[in-house]
Amino acid sequence: MPLVPADVPALRAALLDWYDAHARPLVWRTTGGVRPDPYRVWLSEVMLQQTTTVHAAPYFEAFTARWPTVSDLAAAADAEVMAAWAGLGYYARARNLLACARAVARDHGGVFPDTEAGLLALPGVGPYTAAAVAAIAFGRPANVVDGNVERVMARLFAVGTPLPAAKPELRRLAASLVADDRPGDWAQALMDLGATVCRPGRPLCHACPLTVRCAAFASGTPERWPLKAPKTERPRRHGVAWVLRDGQGRVALVRRPEKGLLGGMLGLPTSDWGPAVAEAPPPAAADWRDAGAVEHVFTHFALTLTVRTGQGRGDFLWSAPDEARTALPTVFRKALERGLAG
DNA sequence: CAAACGTGGCC
DNA sequence: TGGCCAAGTTT
């Protein structure tokens with residue numbers, strides 16, 4: 001049952017009080033009501049897209065140490081930024097990150113737009129990130145809706161529509177709770193609650209400041225929300241990756257096309273990846289030896305990559321193994337380790 | 001608009 | 001161990 005307007009201030013106060021006591025000390029956060037640097041807010045929000053805080057934190061520290069301002073990042077070389085992003089996943093984010101930094105430097109004098117609409121126009125900034133930066137960095141009362149907020153709303157109001165169809169309704173419910181008071185803290189409080197208390201599984205309702213008004217808690221089975229539509233199955237693909245070494249032990253790498261899977265990243269030479277195991281022409285003449293296989297799971301398919309090793313030459317980017325390890329996406333780092341071991 | 005797009009931790 | 005899930009955006 002929806003809250004009546006008179007209930008909203010009490011619910012807001014309960015959650016903001018909880019946040020004052022339990023906010024997570026994340027490295028991109030400020031304390032004492034200090035408004036954070038928009039560059040750091042934006043960078044953290046992009047890194048946090050579909051990514052856990054634990055995974056993003058060391059990357060955030062490395063990026064801000066190396067590129068302290070958006071203008072520093074805008075001036076960086078593409079290959080440096082892509083290599084620094086290696087392992088964090090969703091590499092389109094890194095390409096858009098650079099495009100965004102350069103747009104801010106070139107079109108906005110190195111200053112981030114301070115409105116949701118202005119932010120939304122930037123590359124890699126969608127509805128969530130625009131709202132989050134507007135609220136956290138600029139104190140705008142934006143409706144910040146991520147997966148956490150959706151789950152909290154679905155439970156608070158026991159929404160009967162399954163995701164993803166419920167998204168518009170969950171967004172409206174979240175909007176009904178937004179106010180001018182402490183917009184950035186409100187957004188982060190909702191997300192912290194979702195991440196630490198109103199978790200997907202085994203929610204900690206005993207520690208929740210909102211149980212008094214929570215329909216899912218009242219039902220006795222809060223973990224039943226949000227309802228979800230059945231998922232489609234994940235296909236398996238097969239391919240070959242070649243670990244080619246020259247006389248000095250360097251490894252042959254290629255720069256992948258800008259678009260598509262692992263776009264713009266360094267990679268090992270590979271065959272196409274298809275539904276069946278297939279023979280594929282190697283990228284160079286060598287005494288190829290089988291080195292086993294590695295498994296890797298992407299969002300929309302699982303991959304079995306057969307690894308073959310050999311020594312030879314050719315038109316590649318030749319890289320020392322230690323350098324390659326740090327610059328490669330995880331799937332190729334795994335294949336490289338297999339090739340070097342076997 | 002449904003599909004593409006990474007990775008690692010958890011149970 | 002395999003599915004689920006994490007501060008989404010783009011096309």
Side-chain angles (χ1 to χ4, degrees), chain A residues 23-24 26-29 36 40-60 82 85-97 99-100 119-137 142-152 163-165 167-168 171 174 184 186-196 198-203 223 226 228-237 256-265 267 273 294-303 328-334:
Chain A
R24 291 176 292 173
L26 302 170
V27 290
W28 43 83
R29 284 188 175 165
R40 294 168 62 89
V41 176
W42 161 76
L43 180 61
S44 66
E45 291 301 340
V46 173
M47 287 184 167
L48 288 166
Q49 290 166 10
Q50 298 288 285
T51 305
T52 60
T53 57
V54 172
H55 196 185
Y59 285 84
F60 178 85
M82 299 309 285
W85 196 274
L88 198 50
Y90 284 137
Y91 298 99
R93 292 186 295 171
R95 302 194 299 274
N96 286 329
L97 190 81
C100 181
L119 290 159
L120 193 54
L122 295 168
V125 176
Y128 163 77
T129 304
V133 175
I136 298 168
N143 188 23
V144 181
V145 183
D146 73 335
N148 288 305
V149 177
E150 288 180 344
R151 182 172 57 257
V152 172
L163 283 169
K167 282 173 179 285
R171 169 172 295 279
W186 174 253
Q188 294 179 91
L190 227 31
M191 293 191 283
D192 271 23
L193 186 78
T196 64
C198 197
R199 310 180 297 189
R202 297 177 302 112
E223 67 283 352
K228 296 197 172 172
K231 297 208 152 96
T232 56
E233 65 201 75
R234 179 163 22 223
R236 178 165 293 280
R237 294 185 193 169
R256 296 177 58 84
E258 283 299 309
K259 300 215 166 199
L261 190 73
L262 308 170
M265 297 296 289
W273 302 343
V294 294
E295 296 290 326
H296 192 76
V297 180
F298 293 96
T299 306
H300 53 298
F301 66 94
L303 176 66
L328 286 173
T330 299
V331 60
F332 292 125
R333 187 175 50 70
K334 289 202 268 191

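Note that this is a predicted model, so its numbers are computed, not measured. Proteins come first, then strands; the chains are lettered A, B, ... in the order of their sequence lines, and each starts at number 1.
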Check this one for me: any side-chain N or O of [X] less than 4.0 Å away from OP1 or OP2 of [N]?
X	N	value
A:Lys259	B:dC5	no
A:His300	B:dC5	yes
A:His296	B:dG6	no
A:Thr53	C:dA7	no
A:Thr330	B:dG8	yes
A:Tyr90	B:dA4	no
A:Arg202	B:dC11	yes
A:Arg199	C:dC4	no
A:Gln50	C:dA6	no

Regarding [X], tell me which of base, sugar-phosphate or nothing describes its non-hydrogen contacts under 4.0 Å with the strands shown.
X	answer
A:Gly194	nothing
A:Leu262	sugar-phosphate
A:Thr129	sugar-phosphate
A:Val331	sugar-phosphate
A:Ala56	nothing
A:Arg95	nothing
A:Gly263	nothing
A:Pro164	nothing
A:Leu120	nothing
A:Lys167	nothing

Discussion item. Using only atom types and a distance under 3.5 Å, with no angle test, would you say the side chain of A:Arg93 pairs donor to acceptor with the backbone of A:Gln49?
Written reply: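 At least one qualifying donor-acceptor pair exists.
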Worksheet entry | Donor-acceptor pair, side chain of A:Arg151 and main chain of A:Pro226, under 3.5 angstrom |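 No: the side chain of A:Arg151 does not pair with the backbone of A:Pro226.
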Practice prompt. Could you check A:Leu122 against A:Met191 and say which one's nearest nucleotide on DNA chain C is further toward the 5' end?
Written response: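 The residue whose closest nucleotide sits nearer the 5' end is A:Met191.
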Worksheet item: If you pin A:Val297 and A:Asn148 to their nearest nucleotides in DNA chain C, which one's is more 5'?
Response: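 Nearer the 5' end of the strand: A:Val297.
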Is there side-chain contact between [X] and [Y], with heavy atoms separated by less than 4.5 Å?
X	Y	result
A:Phe60	A:Leu26	no
A:Leu97	A:Leu43	yes
A:Val149	A:Val144	no

Worksheet entry | A:Phe298-A:His300 aromatic ring centre distance below 6.0 Å |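 That pair fails the under 6.0 Å test.
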How far does the [atom1] atom of [N] sit from the matching atom of [M], given to the nearest Å?
N	M	atom1	answer
B:dG9	C:dT9	C1'	24 Å
B:dG8	C:dT1	C1'	15 Å
B:dC1	B:dC5	C1'	16 Å
C:dT11	B:dT7	C1'	23 Å

Over how many whole Å does the gap from [X] atom [atom1] to [N] atom [atom2] extend?
X	N	atom1	atom2	answer
A:Leu190	C:dA7	CG	P	11 Å
A:Arg237	B:dG6	CZ	P	12 Å
A:Leu163	C:dA6	CG	P	10 Å
A:Glu223	C:dC5	CD	P	13 Å
A:Trp85	B:dG6	CH2	P	12 Å
A:Leu48	B:dG6	CG	P	17 Å
A:Leu303	B:dC5	CG	P	12 Å
A:Asn96	C:dT9	CG	P	11 Å

Worksheet item: Per the atom types in the model, does the base of C:dG8 pair as donor or acceptor with the side chain of A:Thr51 at under 3.5 Å?
Response: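 Counting by modelled atom types and ignoring angles, no donor-acceptor contact under 3.5 Å is found here.
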Worksheet entry | Which atom of A:Leu262 lies closest to which atom of A:Pro329, heavy atoms considered |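 Smallest interatomic distance, heavy atoms only, reads CD2-CB, 3.9 Å.
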Return the nearest nucleotide to the side chain of [X]; candidates are [options].
X	options	answer
A:Tyr91	C:dG8, B:dT7, C:dA7	B:dT7
A:Phe298	C:dA6, C:dA7, B:dT7	B:dT7
A:Tyr128	C:dC5, B:dC5, C:dT9	C:dT9

Discussion item. Tell me whether A:Arg236 is salt-bridged to A:Glu295, with the criterion being a basic N under 4.0 Å from an acidic carboxylate O.
Written reply: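 Yes.
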